[in-house]
Amino acid sequence: STSTESSSSSSGSSKEGKGIALAYDVGGRGDQSFNDAAYAGFEKARKDFGIGGEDVEPSDGESDADKVQRLTDLARQGYNPVIGVGFAYAPAVKEAAEKFPKTTFGLIDDETVKGENIANLVFSEEQGSYLAGVAAAKATKSKVVGFVGGVEVPLIKKFEAGFVQGVKDTDPSVKVRTQYLTQPPDMGGFSKPDLGKEAARGQLDSDADVLYHAAGLAGQGVIEAVAAKDKWVIGVDSDQYKQKTLDKYKDSILTSMTKDVSGAVYNLVKSVHEGEPKTGVVRFDLKTDGVGLSDSNPAFAEMTEIQDAVKKAREGIVNGDIKVKTTP
Amino acid sequence: MKKFDKDRLILALGGPALAIVVAVALTSVVLIASGRSPVEPYALMAEYAAHSDIQVLIVNQAATYYLAALAVAIGFRMNLFNIGVDGQYRLAAMVAALVGASVTLPGPLHILLILVVAMLVGAFWAGIAGILKTTRGVSEVVSTIMLNSIATSVVAYLILPAQFGEQRGNNLTTGEIPESGWFPGIELGAAGEIYGFVVVAALCGVLYWLVLNRTRFGFDLRATGAGESAAIASGVDAKRMVLTSMLISGAVAGLAGMPILLGDAHTYSLDFPAGLGFTGITIALLGRNHPVGIALGALLIAFLDKASATLDYNGYEKEIAMIMQGMIVMAVVISYEAVRRYGLRRQQQKVGEELAAAAAATDGTGPENRKEVSA
Amino acid sequence: MSTTLTKPAAQQSKPTARRRLTLAEWMLVVAGILLLVSAVRLITGAHGITSVGQTSTALRLAVPIGLAALGGLWAERAGVINIGLEGMLILGTWFGAWAGVQWGPWTGVVVGILGGALGGLLHAIATVTFGVNHIVSGVAINILAVGATRYLSSFTFAEMEGGTSKQSPPIESITQITVPGLSDAMRDLNAQHWFLVSDVAGLVGGLVTNLSLLTIVAVAMVPLSRWVLWNTAFGLRLRSCGENPLAAETLGVNVYKYKYIAVMISGGFAGLGGVFLAEVATNIYLEGQTGGRGYIGLAAMIFGNWMPGGLALGAGLFGYTDSLNLRGGGQNVHALLLLLAILLVLATAWAIYRRKFLTAAVAAVSGLVLFVWYLSVDEVPSQFVTAAPYVATLLVLAMSAQRLRAPKAVGKSYRKGEGT
Amino acid sequence: MANHDIHLSVRKGTVHAIVGENGAGKSTLMKILYGMQKPDEGTITVDGQEVSFSDPGDAIDRGIGMVHQHFMLADNLTVLENTVLGSEKLYGIGARARTRIKEISDAYGLGIRPDARVEDLGVADRQRVEILKVLYRGARTLILDEPTAVLVPQEVDALFDNLRELKAEGLTVIFISHKLGEVLSVADDITVIRRGTTVASVNPADVTAKQLAELMVGAELPSPETRESTVTDTPMLEVKGLTLTENDPVDGARTVLDDITFTIRKGEVLGLAGVEGNGQTELIDALIGTRRPDGGTVTLGGEDITAWPTRKRREGGVGYIPEDRHRHGLLLEAPLWENRILGHVTEAPNSKGVWLDIKSARSDTERIVTEYDVRTPGIDVTAGSLSGGNQQKLIVGREMSHNPRFLIAAHPTRGVDVGAQAQIWDQIRAARREGLAVLLISADLDELIGLSDTLRVMYRGRLVADADPATITPEALGSAMTGAASGHLEDEEPGPARDGGEDR
Ligand SMILES: Nc1ncnc2c1ncn2[C@@H]1O[C@H](COP(=O)(O)OP(=O)(O)OP(=O)(O)O)[C@@H](O)[C@H]1O
Ligand SMILES: Nc1ncnc2c1ncn2[C@@H]1O[C@H](COP(=O)(O)OP(=O)(O)OP(=O)(O)O)[C@@H](O)[C@H]1O
Ligand SMILES: [Mg+2]
Ligand SMILES: [Mg+2]
């Protein structure tokens, strides 16, 4: 038996790139969240640049070694860039990047691992969430708003932190109710809309009238519950007002905190395609429009008071007057 | 007696071989039904697994599975269903990582400390189920299921930065274990590194066999599994036995996280693999609780796991391997049972026949000719 | 010699029939618990613990667990352990959604039940015909179900508009009803936060608000199972297979047939539970949606002493604590600490009365610990809130497991004509 | 082959007895008649009509009912449920059935409570439920497979009265028993089966019990009679004030052993009579150490062993021939040599230190197989594939190999044929000569009286009577077993063989 490595180590990524490779984290494609967003960027890049691509799902209970193998396989086959979707890929990207110095590795949501050929695509979710908090504090009538997080992990706590700060800075008298659906490593909180629905109902019952969710698929349950009560819900990741599966509820979707994973993937591919691969930390924040607040709901766009407040907050963050915390 | 043994060997090998053939055939039927090639996936997987780095991956994974399966098998040998291996190894790995990251000791001592902590924590968590069973009569099936979920919560709590964990980027970890606590691996150059813990796992298998088959304690344990009431009457303290084997099972479960922790990750973080315990159950079943059988089972499942990655690159669904896993398990357990029954019946018949022949030969009851019969 | 041999024996030669709680006693117990809960609510101000929403969420969360538990009941009453419930639940979600998307929710219900029953059939073939260890077969079915549904999804849902390989397109929802006047009246009453009255109103209100028709069907299955199993000839035969199959065989009962039927019904119930998850709890199929509810259902059944009423209680407990946890968990579970501490004090008293001092000591110490915990924090960390239902189950089992009694021949392999 | 060339014809309205050694094939034959097993060849004719049964349901339809050798009752169901099971069409499963059960019960004086749970019933009641089940189905032909094995003589008499009543109504009864006296008293015809085939049909008036037995065995009948006394003055086992309460979580405490006091001396066999379920099992458990008594002491050779765990007791010289060999004596799926280790794993030749000594254990198993005439092709076959008698011989051999000082022998010859029976008796006698103290518990009163030096009767957890085996009759013993008599039975001669006073 031969080592797959030795047969190809000489080639590295020197052969003409086969295109982009995406390696997903738990949830994979179809999570209606950032895996899907990454896929959207991937598709767009493939189309625009006329290149090939491969996207691969993880398996349950895999270890770092499996992730390393996945990235290695992809790099060896000649894909460039190879993007690990999610912070869980950090150790794997580090290892694979050393083996394939000529391949660019994208790593989403992590900046702890650095390398010459590693692009850390990170987002300031707390900034976008701050704006969501501002909007919520302005929109609430009952002076109670809610946050529903899928799984209680630091990433989601960033959303919570920004949201809470946004609310409190806008109107300290508004109460924020926080609810997480599951605890890690039970990632079910991102994929169980029924839990989202019941949690949202609980918050609505305790008078919350604007809910912000960061719960992936489970968020669909949140949106459904809120729509049933005719209150406001703030979507997450992509502009959920435009999401087809949520068409029925779109009138209740006040706005969405967008996180441009798609753009991040697209831009990385673009940079590689143009022969000037990005490396190091590439931060997507309010300044770069990597995160933001959508206003595709016309009702929201017309709420001038809120729009003003949001705009002001955005400026404050961009020029550094407002520092948004990343932990609650 | 040789006759019986040869029979037994044929029966022992025939069962699983037949089962795998059946499982492969059934999977092929599924493939054909869904309009795919019924053979190509196997060829792809075999080809992929021929690479030495994949083989290293398989062996490393198998070591982890092996330990989890041994933990389950210890319980199985005395009719205890330790479904809680999952929670036990996760909690154990987490606490062991915490301890390992917070001390500095000379190499072997550091590793030893981590292992001892892992075994103690695993044993402790399994011991709760053991105590509930022996003192309160709570079925270990239910209590270990509950304890799995509770372990999740405990880990989630302990790993908070406010408690013992630290946040690194978007991940929560226990902090990195210093290099003195890393288990040295076997470097194979480009193919990668085989966890040194593979050797430990193998030693555990030997120890398992030795204790079970060659010691008084092992005899008591097996006797309890084979007939609890007979074992009690023979002087086994069944309650203590339940507790002891639960503790041992938990301690071994505690080791299951170690190959990855000490050989690769060196820290427990949110993405530490979960679910090994359930795979362990599957493998213990496949291996019939026999140390060699379990090793083969672990390799088989690890092969399916790792080699199936190639299916994705070639337009097949990885789930094919999973279906095959399910089919293999089902087919294997059915064929084991069929073979076991067949064996028993055959033996009874033989006993009957030989005795009848003996009786006819002497037309009496004398024991004189028995020796010949058994020779 | 001695002639004083026969004093009238103090004890009976055989124990008298097992004492069971009468209906009146049950009512007293329930009333007592309600009083206690109500008091705790007033002391702690955690009004959420008996609100209408709490109850109605608890009901919805309890239904799939309860259906899985019913599945467990049917199989185990016929002597077959069914740890494959999780797999059958998964089959139920997939088949239910697959048919539901295409032909409407009620067809989905039927097909989902059939999907679960298919899993049951497989389990029956393995355990009844081939005599495979029941747990072993169940574990195998769980693996198989996950693999099969994933595989199937990749060329069914993935090719449908709005679906992916992990998710089905939305399914039309099943009608929900709310008992008009009653629901609102109860809600108002509940909002008053009166002692006891509001708690009862919360309970009743929760049971009449936002009820899916499928919930009603599911709840009706509990008394229906009870009736069929204990009041019909079919049920008697089925149970006899779980108690003493050999005796049943000698009376002309076709044990294999009843076991097959029972295990398939068992799968059917789990399948229905799966459909409920896919159609009522949410309106899509999602990979991993069952999340171990099959195992929990099994626990609920054991908790309920292999009786329909008991398992409903067990499922209710899971639903209730889960619901607490999802509806502002920290504060509510904090209140539960006090409730638990009080219950443990009562348990201590009872144990002392029964002269079981070790038990009493354990209960007293745990009670004290809980009480101190209650006083020292305002909210239970969310990590522990998640664990509440499991801890509660363990506690209750630890206190009551010795009273439980499984069907006598459950888990034992039975071969026709091999009896003595 | 269990049966071959069976010829049996039973006249209507008679009681037809079938006798034969253990394993002769009686039960197998009956199961064939009842449709539970299928014959390879041959015919069955009922009322002149040839029939073929594929399951018991067919036989029931033909008016055949069977009471099995072992109870076929679901403990957790009520009497009513057990009765109507399978024949729900007759009278439903509710009130009509209850009425019908009461009718039958009254008509035959069975005294049945339809709503009692079977687990709460005693053996005699269970036996009556079994008969009720058959009558409820309107059987015209009743097969009773050893219905008297667990009954005391008075209960047997009551049962026979029932049988005669049935016969008077024109019902046919096929009756299997090993107790030849019973057979001769109740049967109209007798068929003898040996090695699976019918060897004789006799008229009870024409044969004696001895002749019948010789027909069964094909040889002369052994007797358990013990002639010389080997009782010494040294106490080996002393039990004082042993009390055990059972803690039922539902019913609360229940006394199952009430102040049991007795002494067994070296070389003495103490026979314990009693209907099953009167505390014998619990007494054994307390002596072997699997249950902690609530009060009292057990002394072995002067050492207080009350607190000793089972293993230490066994190491200390307590041998145990359990009443249920499958559940307490053997690992059925383990080979013989492992079964030889069972119970003595800490003793030579089975182990050295913590390690098993497999080689010695195996060779010692070979020795036992030879010395105790265990019929087996080798020591690697599973215990489960041996016949019952040979399993029992293996157990006896194993226990005797460790030179016990005190032996608990519970039904040592139950289910064992006459040949093996004699061997086991011999072995007990031989060990007794060397100073072994034996506690013998047996339902076979002849065995009990024949083998014992002293007799005690246990009733409701107490020792209520004692008797001298030299003078006592089974009937007198039986009446004490039902609680009808107490104290010293036939007390004309207190005798030095008895250490008086301890049972009050
Ligand atoms: N199908 C078969 N083929 C061959 N032998 C069999 C078969 N079935 C049973 N046997 C054996 O035939 C013998 C007859 O057993 P059976 O139970 O009929 O004896 P029995 O006369 O009722 O004895 P007992 O007095 O102990 O009740 C046993 O050794 C049994 O193991
Ligand atoms: N299907 C079968 N075919 C042939 N022989 C069988 C079969 N089943 C069991 N036997 C034989 O019958 C015997 C089963 O033991 P069982 O206890 O029924 O015997 P038994 O005749 O009652 O003897 P004992 O009088 O010693 O109890 C064994 O020797 C076994 O090998
Ligand atoms: Mg026999
Ligand atoms: Mg018989």
Side-chain angles (χ1 to χ4, degrees), chain A residues 1-9 21 25-26 54-70 72-74 76-77 86-92 95 99 107-113 120 122 125 151-158 180 182-187 326-327, chain B residues 48-57 60-61 64 86 90 149 152-157 159-161 167-173 188-193 195 259-261 263-267 269-279 305-306 308-310 312-313 317-319 321-322:
Chain A
S1 61
T2 60
S3 160
T4 50
E5 190 54 45
S6 56
S7 63
S8 60
S9 57
D25 190 9
V26 183
E54 177 79 82
D55 61 325
V56 195
E57 306 244 354
S59 44
D60 296 336
E62 65 176 23
S63 65
D64 286 345
D66 298 288
K67 294 192 173 76
V68 173
Q69 187 63 41
R70 183 167 307 121
T72 308
D73 278 343
L74 291 168
R76 197 181 46 230
Q77 288 171 39
F87 61 82
Y89 274 97
E95 212 178 315
K99 280 200 250 175
L107 175 55
I108 297 182
D109 275 347
D110 182 276
E111 52 182 317
T112 61
V113 163
N120 306 84
V122 294
E125 295 92 347
V151 183
E152 194 163 359
V153 290
L155 181 64
I156 304 301
K157 297 204 104 164
K158 248 162 111 181
Y180 285 93
T182 63
Q183 295 295 328
D186 176 1
M187 295 293 162
T326 55
T327 48
Chain B
Y48 190 63
H51 298 305
S52 56
D53 52 347
I54 305 300
Q55 287 163 0
V56 167
L57 213 56
N60 285 344
Q61 181 72 71
T64 305
D86 210 62
R90 280 189 282 121
S149 304
T152 301
S153 295
V154 174
V155 169
Y157 181 74
I159 205 171
L160 290 178
Q167 184 166 344
R168 188 163 300 172
N170 282 317
N171 211 339
L172 289 177
T173 81
L188 291 182
E193 188 181 274
Y195 297 156
I260 295 172
L261 184 69
D264 186 16
H266 310 304
T267 180
S269 58
L270 290 182
D271 48 314
F272 198 81
L276 287 178
F278 292 94
T279 316
D305 268 9
K306 304 299 158 193
S308 61
T310 191
D312 261 347
Y313 308 130
E317 288 76 11
K318 248 196 319 221
E319 282 69 38
M322 197 159 186

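Order of the sequence lines sets the chain letters (A, B, ...), proteins ahead of strands, with each chain counted from 1.
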Test: B:Asp53 and A:Arg76 ion pair at under 4.0 Å: yes
On a heavy-atom basis, which atom in B:Ala265 and which in A:Asp64 lie closest, and how many Å separate them? CB-OD2, 4.3 Å
CZ of A:Arg70 to OH of B:Tyr313, rounded to nearest 0.5 Å, is 6.5 Å
Pairwise side-chain contact, B:Leu270 with A:Pro154, heavy-atom cut-off 4.5 Å (strictly under): yes
Hey, are the side chains of B:Gln61 and A:Asp66 touching, using non-hydrogen atoms and a 4.5 Å cut-off? yes
What part of A:Gln183 lies closer than 4.5 angstrom to a heavy atom of chain B: side chain, backbone, both or neither? both
With a 4.5 angstrom heavy-atom cut-off, could you sort out which part of A:Pro184 is near chain B: side chain, backbone, both or neither? both
Check whether any side-chain N or O of B:Asn170 sits under 3.5 Å from a backbone N or O of A:Asp109 as a donor-acceptor pair, and report yes or no. yes
Rounded to the nearest 0.5 angstrom, the CG-CG distance for A:Leu74 and B:Asp312 is 9.5 Å
Atom pair NZ (A:Lys157) and CG (B:Leu160), whose distance is rounded to the nearest 0.5 Å: 6.5 Å
For the residue pair B:Lys318 and A:Glu57, what are the closest heavy atoms and their distance? NZ-O, 2.7 Å
Below 4.5 Å from any heavy atom of chain A, which atoms of B:Thr152 appear? Answer side chain, backbone, both or neither. both
Non-hydrogen atoms of chain A under 4.5 Å away: do they reach the side chain of B:Ile260, the backbone, both or neither? side chain
Contact class of B:Asp264 relative to chain A, heavy atoms under 4.5 angstrom: side chain
Value rounded to 0.5 Å, distance of CD in B:Gln167 from OG1 in A:Thr326: 7.0 Å
Chain B contacts, top residue of A:Val56, A:Val113, A:Asp186 (heavy-atom pairs, under 4.5 Å): A:Val56
OG of A:Ser63 to CG of B:Leu261, rounded to nearest 0.5 Å, is 12.0 Å
